[in-house]
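Following: one structure in structure tokens, then a few remarks.
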Amino acid sequence: MAKTLFDKIWDKHIVKTIENGPSVLYIDKHFIHEVTSPQAFQGIEKRGLKVFRPQQVVATADHNVPTINQHLPIKDELSRLQVNQLIENCARHDIELYGLGHPFQGIVHVIGPELGITQPGMTIVCGDSHTSTHGAFGSIAFGIGTSEVEMVFASQCLLQSRPKLMRFNIEGKLNKGVVSKDIILYIISKISASGATGYFVEYAGSAMRELSMEARMTICNMSIEMGARGGMIAPDEKTFEYIKGRQFAPGNGQWDKKLAEWQELYTDADAVFDVEIDINASGIEPMITYGTNPGLGIPIKGSTPVTESIPDEGERKNIIKALEYMGLEAGKPLLGMPVQHVFIGSCTNSRIEDLREVAALIKGKTKSPLVHVMIVPGSQQVARQVKEEGLDKIFAAAGFEIRQAGCSACLGMNEDKIPAGEYCISTSNRNFEGRQGAGARTLLASPLTAAAAALTGVVTDVREFLS
Amino acid sequence: MQAFTILTSRFVPLPIENVDTDQIIPARFLKATTKQGFGKNLFRDWRYENNDETKPKADFVLNKPEYSGEILVAGKNFGCGSSREHAAWSILDYGFRVVVSSFFADIFSNNALNNGVVPITVSDDFLEKIFALDNTATLTVHLDAQELIIDTTGEKEHFDINPYKKTCLLNGYDDIDYLLSIKEEIVEFEKR
Ligand code: SF4
């Protein structure tokens, strides 16, 4: 029978299925971090258990860590406690930890792929919703809650019901100045922040094949922002090329065997999805959000909605509330609006390729004196590459502040916060109320659009800078 | 996990859509290393002026003494956003056992169920009916019959719940108990 990519992986990982209930899904890789793991460690310890398969768990500290002076003890007491507890827990349970100071440390969804831990055909979970990022390699990867972290600690399994499947067929060529972040912001704006709830999504089509692995990760990363459990892209030559030679990639003896397995991972021609949606890539423009969920996005030259003409009352109320929080008027363009902050980072857009794109755009230019620009590399490895390639000099000359690896202003758990009432163009994935600090106003956009705003100090169409 | 069978209670209405977990419990409160004590920061930024506990926002429902109960009733797409289970813990710790909405985000539903909080999905119409009730009305959740009843009018609606999850809730046991019971099968699977 014709199978989808999802089904091929899913079926291979089912230990058993409970009658009238969920299935027991075996988990290959389990990433953990300091924020969503402490209660799970406590949970299994209360039951007198050790972590069942510690060699399948990889830990890092990312959410809560400072992005300056990482060599010093963490100032914030609670953050320090949480990070220290991760160190102790990992030591007690024999789990490999890439903590602060380790050359592999970084945002969990950046380090998994760059170390070659993330591989096609795997089941991957983490107590973090953006685990969907790893689906870019053709794996089933999804975020879980802390109770589920505890389940995986205890049994390397989870009880899961098979989700419905949705496929986006994205065909055609991207316009100048349009990158993968724009594709995903466009898709979410079309189907809404809850449009894919209950589904697992596959992204396919010629436009996907064209994208680099980094760009694919950006797309899969934000699957959760339309409610999907996860998103995936079938692996291809680019995927294999990316993995080959990385730290934990299969070695020479294993490579050919693995490769042969991976090459079977695609959706069969006549496999059936519950929902299929066609997207024309050439119809997409650079995108920006104006509201307080990632679905409230518009083309950069567009205007905020005219609220009176929204037929659905619930939606109208939502958008009025969002505009009010954002301090924006209905029916007005965003272009030319001043912003005070630009944040380039997060597991969505903090990979070396993102930073190269930004550097290429701003090289030889300086930022507007009216904005504060923060660049936070996704990992120590990215930070090293930035230096090696001399990008740091370009950023410094432009007046951008480069920080150390971590989640940073993506979620405002450490000191990197946006002050109340101020605007931040952010390459992260969430524009919720207070996400970047209480009262902060977030406009989500691509690294290119963010870099353009850094230069001008206002919401800018990046195409002005591209000849 | 505490078992759940039947609950009759007044309810707290929150007629807002897309309530994300960053609103339920802002990230800055995720630094705790235990599950307790999150209730006092539930909806923190909607509840207090400038993050100041001495300045409750009078118009926010948790600050209105006339509303109380163990049931939270919210607009559609409740619990979207971050997977933080702290959202479910804060709801439970505050004293809610049930959340009613016309739509729940996936991870939130799972997290809630794993902590003995019952997410009940009702139709948009039924949700509107509940929002239209006055603050003295009570609702009854009958888990075994899978019914949500408006006690004053007797109107009721059937709700869906995964049969396995229902059994877990009725008996107060959780997934880990089950997974541990099949450990040998898991070890066998690993050899395949
Ligand atoms: S960068 Fe942001 S979205 Fe990504 S894992 Fe960190 S906090 Fe979550």
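Note on naming: letters A, B, ... go to the chains in the order of the sequence lines (proteins, then strands), and numbering restarts at 1 for each one.
Salt bridge present: B:Arg28 and B:Asp45 bring a charged side-chain N and a carboxylate O closer than 4.0 Å. A salt bridge is absent between B:Asp59 and B:Lys64: the closest approach of a Lys/Arg side-chain nitrogen to an acidic carboxylate oxygen does not fall below 4.0 angstrom. A salt bridge does not link B:Asp93 with B:Lys40: none of the charged nitrogens is closer than 4.0 Å to a carboxylate oxygen.
Here A:Ser194 is the residue among A:Gly412, A:Ser194, A:Gly227 with the most heavy-atom pairs under 4.5 Å with chain B. Ranked by heavy-atom pairs under 4.5 Å with chain B, the list A:Arg47, A:Arg53, A:Glu34 is led by A:Arg47. Of the residues considered (A:Cys157, A:Ser37, A:Pro163), A:Cys157 shows the highest number of contacts with chain B, using heavy-atom pairs under 4.5 Å. Contact tally against chain B (heavy-atom pairs below 4.5 Å) for A:Ser155, A:Gly127, A:Gly21, A:Ala193: the top residue is A:Ser155. Note on B:Pro26, B:Gly81, B:Ser109, B:Ala32: by heavy-atom pairs under 4.5 Å with chain A, the leading option is B:Gly81. Chosen from A:Gly434, A:Ser129, A:Pro38, A:Gly43, the residue pairing most often with chain B at heavy-atom distances under 4.5 Å is A:Ser129. Heavy-atom pairs under 4.5 Å with chain B were tallied for A:Asn414, A:Asn318, A:Leu81; the largest tally goes to A:Asn318. Taking chain A as the reference chain and counting heavy-atom pairs below 4.5 Å, the highest number among B:Thr33, B:Thr34, B:Asn51 is found for B:Thr33.
Residues of residues 140-164 of chain B lying under 4.5 angstrom from chain A, judged on non-hydrogen atoms, are B:Asn162, B:Pro163, B:Tyr164 in numerical order. Interface residues of residues 179-191 of chain B toward chain A, defined by a heavy-atom distance below 4.5 Å and sorted by number: B:Leu179, B:Leu180, B:Ile182, B:Lys183, B:Glu185, B:Ile186, B:Val187, B:Phe189, B:Glu190.
Between B:Ser102 and B:Asp124, the side chains place a donor N or O and an acceptor N or O closer than 3.5 Å (distance only, hydrogens not considered). If you check the side chains of A:His130 and A:Glu225, you find a donor sitting under 3.5 Å from an acceptor. For the residue pair A:Glu433 / B:Trp46, a side-chain donor-acceptor distance below 3.5 Å is found, with atom types taken as modelled. Residues A:Gln82 and A:Asn64 have side chains that bring a donor and an acceptor to within less than 3.5 angstrom of each other. Counting only N and O atoms by type, the side chains of A:His109 and A:Asp62 include no donor and acceptor under 3.5 Å apart. A donor-acceptor pair shorter than 3.5 Å can be found between the side chains of A:Gln436 and A:Thr442. Defined by atom type and a distance below 3.5 Å, a donor-acceptor pair is present between the side-chain atoms of B:Thr136 and B:Asp134.
For A:Ala61 against A:Val83, the heavy-atom pair with the smallest separation is CB-CG1, 4.4 Å. Residues B:Ala74 and B:Phe131 come closest through the heavy atom pair C-CZ, 3.8 Å. Across A:Thr289 and A:Leu444, no two heavy atoms sit closer than the pair OG1-N, 2.9 Å. Residues A:Ile74 and A:Ser79 approach most closely at CG2-CB, 3.9 Å, considering heavy atoms.
For A:Leu411, the parts lying near chain B are the backbone and the side chain together; criterion is any non-hydrogen pair under 4.5 Å. With a threshold of 4.5 angstrom between heavy atoms, B:Arg192 approaches chain A through side-chain atoms but not through N, CA, C or O. For chain B, the nearby part of A:Gln42 is the side chain; its heavy atoms alone come within less than 4.5 Å. In this structure, no portion of B:Phe29 lies under 4.5 Å from any heavy atom of chain A. Using a 4.5 Å cut-off between heavy atoms, B:Phe108 does not touch chain A at all. In this structure, the portion of A:Asn293 lying under 4.5 Å from any heavy atom of chain B is its side chain and not its backbone. For chain B, the nearby part of A:Lys16 is the side chain; its heavy atoms alone come within less than 4.5 Å. Contacts of A:Gln85 with chain B are made by side-chain atoms alone, with heavy-atom separations under 4.5 Å and no backbone atom involved. Using a 4.5 Å cut-off between heavy atoms, A:Ser161 contacts chain B through its side chain alone, with no backbone atom that close. Only the side chain of B:Asn115 comes within contact range of chain A, with heavy atoms under 4.5 Å apart. For B:Asn77, the part lying near chain A is the side chain, with the backbone staying farther off; criterion is any non-hydrogen pair under 4.5 Å. Interface remark: A:Lys321 contributes side-chain atoms only to the contact with chain B (heavy atom separation under 4.5 Å). A:Arg430 touches chain B through its side chain: at least one heavy atom from C-beta onward sits under 4.5 Å away, while N, CA, C and O do not. At a 4.5 Å heavy-atom cutoff, the contact between A:Glu315 and chain B is made by backbone atoms alone. Of the atoms belonging to A:Leu49, it is side-chain heavy atoms, and not backbone ones, that fall under 4.5 Å from chain B. Using a 4.5 Å cut-off between heavy atoms, A:Val35 contacts chain B through both its backbone and its side chain. With a 4.5 Å cut-off on non-hydrogen atoms, A:Phe142 does not touch chain B at all.
Within 6.0 Å of atom NZ in A:Lys50, more than 12 heavy atoms from other residues, nucleotides or ligands are found, so the atom counts as buried in its surroundings. Around the CD atom of B:Glu66, the shell of radius 6.0 Å holds more than 12 heavy atoms that belong to other residues, nucleotides or ligands. Environment of CD in B:Glu49: crowded, with over 12 heavy atoms of neighbouring residues, nucleotides or ligands closer than 6.0 Å.
Two residues are said to be in side-chain contact when any heavy atoms from C-beta on lie closer than 4.5 Å; A:Val149 and B:Glu85 fail this criterion. With contacts defined as side-chain heavy-atom distances shorter than 4.5 Å, the pair B:Asn114/B:Asp174 does not qualify.
Checking A:Ile224, A:Asn221, A:Ile188 one by one against A:Asn429, the side-chain contact (heavy atoms from CB on, under 4.5 Å) holds for a single residue, A:Asn221.
Between A:His30 and A:Phe153, the gap from one ring centroid to the other is short of 6.0 Å.
Note: B:Trp89 and B:Phe38 have tilted aromatic rings, judged against thresholds of 30 and 60 degrees for the angle between ring planes.
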